[in-house]
> 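Okay, handing you the structure first.
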There are 2 protein chains.
Amino acid sequence: MPFANTEIPGKFQALLAERGIRMTEQRRAILNVIETAKRHLDAGQVLRRARKLEPSIDRSTVYRTLGLLKRHGLIDELDLMHLDGEAHYYERKLNRDHIHLACLRCGKITEFVSDLFESLKEQIENDCQYQIAVARLEIGGCCSNCRT
Amino acid sequence: MPFANTEIPGKFQALLAERGIRMTEQRRAILNVIETAKRHLDAGQVLRRARKLEPSIDRSTVYRTLGLLKRHGLIDELDLMHLDGEAHYYERKLNRDHIHLACLRCGKITEFVSDLFESLKEQIENDCQYQIAVARLEIGGCCSNCRT
DNA sequence: ATCTTAATGCGACAGTGTCGCATTAAGATC
DNA sequence: GATCTTAATGCGACACTGTCGCATTAAGAT
Ligand SMILES: [Zn+2]
Ligand SMILES: [Zn+2]
Ligand SMILES: [Zn+2]
Ligand SMILES: [Zn+2]
């Protein structure tokens, strides 16, 4: 289960409104898709789902909206080891970063939260004098199911 | 300086020979380019450089060779936050994994080695019962130069 | 020198993501 | 509610990345 359901749907809208971003039917549909997704979606999948809510939506609008959400730090972009093509995957950003593990055999995606990861980010900010905006840790390997 | 110069050039060739992989002029050129690169190169850049050594090389050969090296764990593939287009970047894998920091303002790429990162990977292997093949930690943020 | 088979070049292709431009509609102002 | 400004959209064209099938070439074993 990739997503903890601790966030109120509609939060994206509120956050964008706060920042004076115009809300449209198209954006509402896209935000809705991303907020309620139960797995990681690529741009094409977001488009197809959003079209069910708002059939006129164009591909470029999806890309522009994903860009907007990325710039505002509301979603994260992932590779998930490109197990299936070259698309990137998106997920809404929660309070806490998580690590993505992709099984190179069965393709299963596992998520993992770790305090050590938080410490590592702190170490980087201190040692490298960096201000971190996005931290993306992706692992490729072999899951326990596939090793038995 | 992205790469520690601790590796003998020609190591790729030796490793591939060990595994019974056929060596060609084209591969030699590509391996040479990657082994001697002083920064992270994308597939197009690898192609252009390899053509200087072996003008006949085709784009698909580069992709096929990069795929080969990836499968054999000799190179790592990076996004570097896609600061410039959607290409992926490649670098030869050294003894020790390193973290990539990409400054979202100036585009500078910084590399960082951390024991904490090694511990985190161990924790993941234990807690998630995972056998890690690739671990890619990429940070986007603001470097010290850009904050002053 | 011969032979097997892996690797290559070529061409065609699909997919991803971008952009300029004319049109539409959000939401502020009155 | 009508008007206005400007951001956002749809459309079309595009560039780029990466893939594949197939005929040809050449690696390296015999
Ligand atoms: Zn996730
Ligand atoms: Zn990527
Ligand atoms: Zn698996
Ligand atoms: Zn590096």
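Just so we're on the same page: letters track the sequence lines, and every chain starts at 1. What you are looking at is a predicted structure, and each value in this text was computed from that prediction instead of being measured.
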> Any side-chain N or O of B:His88 less than 4.0 Å from the OP1 or OP2 oxygen of D:dG18?
yes
> Would you kindly give the CG-to-P distance between B:Asp42 and D:dG18, to the nearest whole Å?
8 Å
> Check whether the side chain of A:Arg59 and the base of D:dG10 form a donor-acceptor pair under 3.5 Å.
no
> B:Ala87 side chain: which of C:dG11, D:dG10, D:dT17 is closest?
D:dT17
> Do B:Asp97 and B:Lys121 touch side chain to side chain, with heavy atoms closer than 4.5 Å?
yes
> What is the distance from CD1 of A:Ile21 to C1' of D:dT9, rounded to the nearest Å?
15 Å
> Reckon B:Tyr63 has a side-chain N or O less than 4.0 Å from the OP1 or OP2 of D:dG18?
yes
> Step by step, would you call A:Asp79 with A:Arg136 a side-chain contact (heavy atoms from CB on, under 4.5 Å)?
CA-CA 10 Å; A:Asp79 266 25; A:Arg136 204 170 127 183; 2.8 Å; yes
> How long is the line joining CZ of A:Arg28 and P of C:dA26, in whole Å?
8 Å
> Is it the case that A:Tyr90 and A:Glu77 place a side-chain donor and acceptor less than 3.5 Å from each other?
yes
> Quick one: which of D:dA13, D:dC11, D:dT17 gets closest to the side chain of A:Asp58?
D:dC11
> Report yes if some heavy atom in the side chain of B:Lys108 is under 4.5 Å from a heavy atom in the side chain of B:Asn145; otherwise report no.
yes
> For the residue pair B:Thr65 and B:Gln26, confirm or rule out a side-chain donor-acceptor distance under 3.5 Å.
no
> Between B:Glu111 and B:His40, is any side-chain donor less than 3.5 angstrom from a side-chain acceptor?
yes
> Ignoring the backbone of A:Arg27, work out which of C:dT18, D:dT17, D:dA8 is nearest its side chain.
D:dA8
> Rounded to the nearest angstrom, tell me the gap between atom CG in A:Leu66 and atom P in C:dT16.
13 Å
> With a cut-off of less than 4.0 Å, is there a side-chain N or O of B:Thr61 near OP1 or OP2 of C:dG9?
yes
> Picking from D:dT19, D:dA8, D:dG28, which would you name as closest to the side chain of A:Arg22?
D:dA8
> Separation of A:Leu83 atom CG from D:dT19 atom P, in whole Å?
13 Å
> On DNA chain D, check which nucleotide each of B:Met23 and B:Gly44 is closest to and give me the residue with the more 5' one.
B:Gly44
> Write down the partner of D:dC14 under the Watson-Crick or G-U wobble criteria, each distance required to be under 3.5 Å.
C:dG17
> Under 4.0 Å, counting only non-hydrogen atoms across every strand here, what does B:Ser60 touch: a base, just sugar-phosphate, or nothing?
base
> Can you identify which nucleotide, out of C:dC10, D:dT9, C:dT16, has its nearest atom closest to the A:Thr24 side chain?
D:dT9
> Take the protein atom CD of B:Glu25 and the nucleotide atom P of C:dG9, then report the distance between them rounded to whole Å.
11 Å
> Rounding to an integer number of Å, can you tell me how far A:Leu47 CG sits from C:dG15 P?
14 Å
> Both distances below 3.5 Å, Watson-Crick or wobble geometry, any strand: find the nucleotide opposite D:dT25.
C:dA6
> Is there a Watson-Crick or G-U wobble partner for D:dG1 with both distances under 3.5 Å, and which nucleotide is it?
C:dC30
> Within this structure, what is the OH-to-P distance between B:Tyr89 and D:dC16, rounded to whole angstrom?
13 Å
> For a quick check of understanding: with a heavy-atom distance under 4.0 Å over all strands, which category does A:Arg64 fall into, base, sugar-phosphate or nothing?
base
> Where the side chain of B:Ala43 is defined as all heavy atoms beyond and including C-beta, which of D:dG10, D:dG18, C:dG27 is the nearest nucleotide?
D:dG18
> Hey, is the side chain of B:Gln26 poking within less than 4.0 Å of OP1 or OP2 on C:dG9, counting only N and O atoms?
yes
